[in-house]
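Numbering of ligands and ligand atoms starts at 1, following listing order. Computed from a prediction, not measured in an experiment: that's the story for all the values here. Numbers here simply count residues along the sequence, with the first being 1.
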Amino acid sequence: MASIMRTATIFVLSALLLLQVCSYLAMSRSLQEESMVARHEQWMAQHGRSYKDDVEKAKRYNVFKNNVEYIDSVNNAGVRTYKLSVNKFADLTNEDFRSTRNGFKQAPFPRSCKATFMYENVSAIPTSMDWRSKGAVTPIKDQGQCGCCWAFSTVAATEGINQLTTGKLVSLSEQELVDCDTGGEDQGCGGGLMDYGFNFIVKNHGLTTESNYPYQGVDATCNTKKASNDAVTISGCEDVPVNSESGLLKAVAGQPVSVAIDASGQDFQFYSSGVFTGSCGTELDHGVTAVGYGTADDGTKYWLVKNSWGATWGEKGYIRMQRDVTAKEGICGIAMYASYPTA
Ligand SMILES: *[C@@H]1O[C@H](CO)[C@@H](O)[C@H](O)[C@H]1NC(C)=O
């Protein structure tokens with residue numbers, strides 16, 4: 001009898017304990033879920049995001065949750081030289097992201113600047129360079145949901161050479177390239193190539209200012225009146241020798257240089273700070289601008305790269321990408337398609 005009672009008591013106690021453990025687990029799961037929901041709401045408010053209905057919101061919440069978990073896991077791993085953050089792209093799958101934020105035309109990408117390399121024999125190269133501090137770089141811009149990174153890269157390199165030549169920093173028009181540089185390889189928000197952008201500027205006898213022909217982020221009809229109001233001219237452009245980080249170094253020591261990279265990875269999407277060391281491939285899909293180089297405190301050499309995803313992405317709109325890697329293509333293919341305009 002006593003033993004039956006004992007067994008029964010143990011049974012009841014264990015059942016209670018089990019119940020408690022279960023409800024504790026359920027509670028902690030729901031607490032986690034609740035805090036993730038709150039995090040999403042907070043993020044939505046911060047980024048002014050709203051969704052058309054509850055179905056869309058539930059879908060975006062799941063994407064957000066997956067991204068946050070990925071970002072936390074990378075940051076907590078603590079072995080990388082860079083950090084990720086829950087930025088404005090946090091409710092986009094990597095696929096959504098790639099389809100709207102890049103815009104460098106996929107290979108085969110014909111080169112069309114001159115193959116002569118004016119920096120070929122340069123020997124005195126400073127150990128670091130930051131064209132921002134020399135006043136040759138305009139503030140960070142935002143291409144929005146238009147695949148015209150190529151126009152932003154073309155413009156940033158042109159703004160650079162113009163400042164180095166005239167001493168004046170003038171913000172120039174991406175929209176003119178988007179609207180007017182059509183009919184060839186360049187297709188506005190549908191993608192393009194910086195080499196062709198430079199050639200358009202030469203053929204068009206210059207490019208107008210940002211304020212005269214402001215950015216709209218959509219393909220529009222070429223406003224020929226605005227487009228003919230040229231503010232800055234270039235004489236041509238040159239291609240940096242392919243797959244040569246040492247060639248790229250000589251060029252970037254001389255002026256801001258347009259480069260193409262593979263920016264398709266999740267780590268690139270959520271890059272926040274530090275020297276980016278990958279992972280990434282070499283399927284070039286994004287045009288950006290190398291505006292300097294240097295060495296981080298821990299000794300990692302980097303390229304200083306201006307992006308066109310607004311100032312909240314990365315290091316105030318910039319990314320430092322590892323320099324002098326083993327692969328001849330450079331990190332994310334940065335040495336594969338570099339070019340610059342000539343004064
Ligand atoms: C670099 O030097 C070589 C040898 O003197 C010369 O042939 C070449 O034209 C020079 N390149 C440039 C771009 O000046």
Note to self: So that I can tick it off, tell me whether Arg323 and Glu245 are bridged by a salt bridge, with the cut-off set at under 4.0 angstrom between side-chain N and carboxylate O.
What the structure shows: no
Notebook entry, point to check: So, the side chain of Asp91 versus the backbone of Phe64: is there a donor-acceptor pair under 3.5 Å, distance only?
Noted result: no
Item checked: Which of the ligand 1 atoms, numbered from 1, are nearer than 4.0 Å to a heavy atom of Glu120 -> 11 (N), 12 (C), 13 (C)
Note to self: Any protein heavy-atom neighbour for atom 7 (O) of ligand 1 (distance below 4.0 angstrom)?
What the structure shows: no
Check: What residue and heavy atom of the protein are closest to atom 4 (C) of ligand 1, and at what distance?
Finding: Asn121 ND2, 4.7 Å
Checklist line | Listed once per pair and sorted, the ring-ring contact (aromatic ring centres under 6.0 Å, His included) pairs that draw on residues 189-215, sequence neighbours left out | finding: Phe152-Tyr215
Next item on the list: Return the residue, atom name and 0.1 Å-rounded distance of the protein heavy atom closest to atom 13 (C) of ligand 1.
Entry: Phe117 O, 3.3 Å
Checklist line | With Asn121 via side-chain contact (heavy atoms from CB on, under 4.5 Å) - residues at least two apart | finding: none
